[in-house]
There are 2 protein chains.
Amino acid sequence: MKVFKRRLGQYVSIDDDAWVTFDELERQEHCFLPGDDLITAGDETRRVFILNEGWAIRYRLLEDGRRQIVNFMLPGDVFDLQSLADLKADHSVTAITHCKAAVIPSGIFVEMLKKSAWLASAFWWSAVQEESILREQIVRIGRRSARERIGHLLLELHRRFIGATGIEVEKLTVPLTRADIADALGLTPVHVSRTMSAMRRSGLISEGRGGEITILDRDRLARLSLFDMEYLHLKKLDLLKKNGVRHFRETSSRINAD
Amino acid sequence: MKVFKRRLGQYVSIDDDAWVTFDELERQEHCFLPGDDLITAGDETRRVFILNEGWAIRYRLLEDGRRQIVNFMLPGDVFDLQSLADLKADHSVTAITHCKAAVIPSGIFVEMLKKSAWLASAFWWSAVQEESILREQIVRIGRRSARERIGHLLLELHRRFIGATGIEVEKLTVPLTRADIADALGLTPVHVSRTMSAMRRSGLISEGRGGEITILDRDRLARLSLFDMEYLHLKKLDLLKKNGVRHFRETSSRINAD
DNA sequence: CGCCCCGTTGAGGAGAGTCAATGGCTGTGG
DNA sequence: CCACAGCCATTGACTCTCCTCAACGGGGCG
């Protein structure tokens with residue numbers, strides 16, 4: 001539960017009481033193996049996941065077998081808040097590494113929100129960030145070249161990983177095959193392979209064994225990928241001090257859990 | 001305000017009291033001309049828009065001028081609920097036709113939510129639908145051919161238009177230039193033009209003057225575009241009758257506005 | 001050892017992009 | 001009322017990014 005705490009702590013300063021609620025969750029932790037579905041397309045179960053360990057992908061399959069990975073779930077990510085309202089999932093979520101996740105029936109989840117306005121804010125914030133990531137994914141696929149897409153994705157994953165773990169890693173271990181990257185970026189595995197080889201040759205990245213990727217020249221890669229450092233909204237909301245923001249705190253907390 | 005009523009009414013059955021709240025909103029209606037910004041990238045203003053008339057686009061510009069349209073806003077759409085939490089907008093929303101929209105400061109908006117749990121559910125539902133549209137947009141540009149993308153977008157816009165107005169129009173008047181369609185679908189205007197010409201030749205669509213588009217063979221177009229009729233979640237939630245759903249109503253309303 | 005999955009590389013092809021010219025429509029001003 | 005400018009759709013010719021098909025090779029695992 002540690003990862004989760006530091007993730008949410010980035011958005012809002014959560015009071016001590018709220019942490020008690022989390023301890024209940026630790027008992028609900030499930031394990032998933034690579035390939036296991038957390039959510040299956042067509043599912044109607046209403047539950048919220050908090051990913052504590054491992055990576056997962058959210059994807060959709062077309063009838064003819066084409067796959068599009070919509071986004072990646074890293075430790076600390078919360079999903080599907082939308083399942084609280086949805087009739088049935090239009091996509092699947094599958095573990096791509098060994099995963100640990102708290103699985104919370106929506107009823108219990110909502111109880112949690114009611115207990116703590118802070119918590120509700122944090123989850124709201126988390127949903128906003130996820131939407132922002134979706135929008136960025138649209139821009140990435142729609143208007144960027146293959147090299148830009150890959151560079152941009154690597155930078156995003158790197159930043160999100162640091163945000164989740166708090167460890168300023170140099171080497172990011174990316175548990176993705178070329179096919180995964182291709183399906184996320186609207187490319188083919190062959191072309192991803194070629195493009196990444198070229199990126200290695202030009203000294204942008206280097207790869208070790210087991211998916212270890214090092215971003216050698218972050219600034220150059222960011223420039224080449226037109227990476228906007230702001231969209232992840234990683235800045236901490238200091239709700240207590242800023243005046244203009246205080247109003248938001250009072251209100252939007254209530255939206256979620258007064 | 002009529003459009004808006006029928007839009008929200010699709011998701012939940014709103015009680016009469018809530019409608020009183022809407023009357024307040026009618027006084028807040030603003031007009032926008034084509035090209036006017038409703039939200040400008042970098043904006044920090046916290047307010048929610050309810051579009052009553054006209055079309056708008058949400059887009060992001062890269063530094064070198066490339067533009068990606070993230071999604072379209074049609075009458076009845078509500079945005080940005082996320083601005084309640086966001087620090088500043090990472091994208092712009094611009095009117096592409098003459099538009100009328102209620103502009104609600106977030107404080108007032110939240111007051112509304114508190115007055116009616118029904119309303120809160122409806123807005124939550126609306127946000128879920130928007131996210132679903134974003135995911136579908138990702139699949140569309142990531143894994144579909146030019147013809148599939150265009151066909152799929154036309155079907156989506158057609159369905160959303162009917163959902164918004166309730167009018168089962170045959171001819172949809174699409175106020176989009178080839179450049180707009182291209183920037184939405186990750187293509188170039190030239191190729192959009194070519195592809196749509198081909199679609200006209202093969203009898204899938206026809207175009208009249210002023211952007212009037214008729215979908216001649218909806219089933220064939222849906223098959224060719226791999227259009228999934230379900231993702232828009234247009235089905236009405238009958239919260240009062242279904243048992244499994246009733247729990248949701250009690251809970252998720254409270255998330256938003258107890 | 002041998003299988004399978006994965007990454008890589010090559011050759012050739014196709015879909016989409018680029019550049020450029022044309023023509024229609026609209027709005028404006030002489 | 002007509003001339004002209006500006007915007008947009010279209011079409012042609014050519015280019016290039018990315019895809020397809022295919023072969024090869026390495027590492028993990030039974």
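A note on names: the letters A, B, ... follow the listed sequences, proteins ahead of strands, and every chain is numbered from 1. The structure displayed is predicted, hence computed values, not measured ones.
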Where do B/R66 and B/D183 land on the salt bridge (charged side-chain N to carboxylate O under 4.0 Å, His left out) test, with the steps shown first? CA-CA 8 Å; B/R66 280 177 278 181; B/D183 285 342; over 6 Å; no
Give the C-alpha distance, both sets of side-chain angles, the deciding distance and a yes or no for side chain to side chain donor-acceptor pair (under 3.5 Å) between B/N71 and B/Q137. CA-CA 8 Å; B/N71 60 359; B/Q137 165 80 334; over 6 Å; no
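The outermost nucleotides of DNA chain C lying under 4.0 Å from heavy atoms of chain B, listed 5' to 3', are C/dA16 to C/dT26.
Side-chain contact annotation: B/E29 with B/N52, donor-acceptor N/O pair under 3.5 Å present. In this structure, a donor-acceptor pair under 3.5 Å is present between the side chains of A/S132 and B/D90. With 3.5 Å as the limit, one finds no donor-acceptor pair spanning the side chains of A/T40 and A/D43. A side-chain donor-acceptor contact under 3.5 Å links A/Q82 and B/R135.
In this structure A/V190 satisfies the side chain to side chain contact (heavy atoms under 4.5 Å, CB included) test together with A/T188, A/R194, sequence neighbours excluded.
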B/S/- contact track for nucleotides 25-30 of chain D, protein heavy atom under 4.0 Å: ---S--
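Side-chain atoms of A/R144 come within 3.5 Å of backbone N or O of A/L226 as a donor-acceptor pair. Distance alone, capped at 3.5 Å, is enough to place a donor-acceptor pair between the A/S92 side chain and the A/A41 backbone. With hydrogens and angles disregarded, no donor-acceptor distance shorter than 3.5 Å links the side chain of B/S225 to the backbone of B/A222. A distance-only check finds a donor-acceptor pair linking the side chain of B/T97 to the backbone of B/W55 [under 3.5 Å]. Of the possible donor and acceptor atoms, none in the side chain of B/T195 sits under 3.5 Å from a partner among the backbone N and O of B/R147.
For the helix from C/dC1-D/dG30 to C/dG30-D/dC1, the rotation axes defined at the first and last 5 base pairs enclose an angle of 30°, given to the nearest 10°.
Residues of residues 65-73 of chain B that place a heavy atom closer than 4.0 Å to DNA chain D do not occur.
Ring geometry, A/F79 versus A/F49: the interplanar angle falls under 30°, so the pair is classed parallel (tilted spans 30 to 60°).
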What's touching nucleotides 18-20 of chain D from the protein side, N or O pairs under 3.5 Å?
residue, atom, partner, partner atom, Å
D/dC18, OP1, A/A146, N, 3.0
D/dC19, OP1, A/T188, N, 3.4
D/dC19, OP2, A/T188, N, 3.3
D/dC19, OP2, A/T188, OG1, 2.9
D/dT20, O4, A/R194, NH2, 3.0

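Taking atom CE of B/M199 as the reference point, atom P of D/dT10 lies 13 Å away to the nearest angstrom. A straight line from CG of B/D180 to C1' of D/dC7 spans 13 Å, rounded to a whole angstrom.
Heavy-atom contacts from other residues, nucleotides or ligands closer than 6.0 Å to CZ of B/R67 number more than 12.
Phosphate contact (OP1/OP2 of D/dA9, side-chain N/O of B/S193, threshold under 4.0 Å): absent.
Between A/A146 and A/L187, the shortest heavy-atom distance links the atoms CB-CD1, 4.0 Å.
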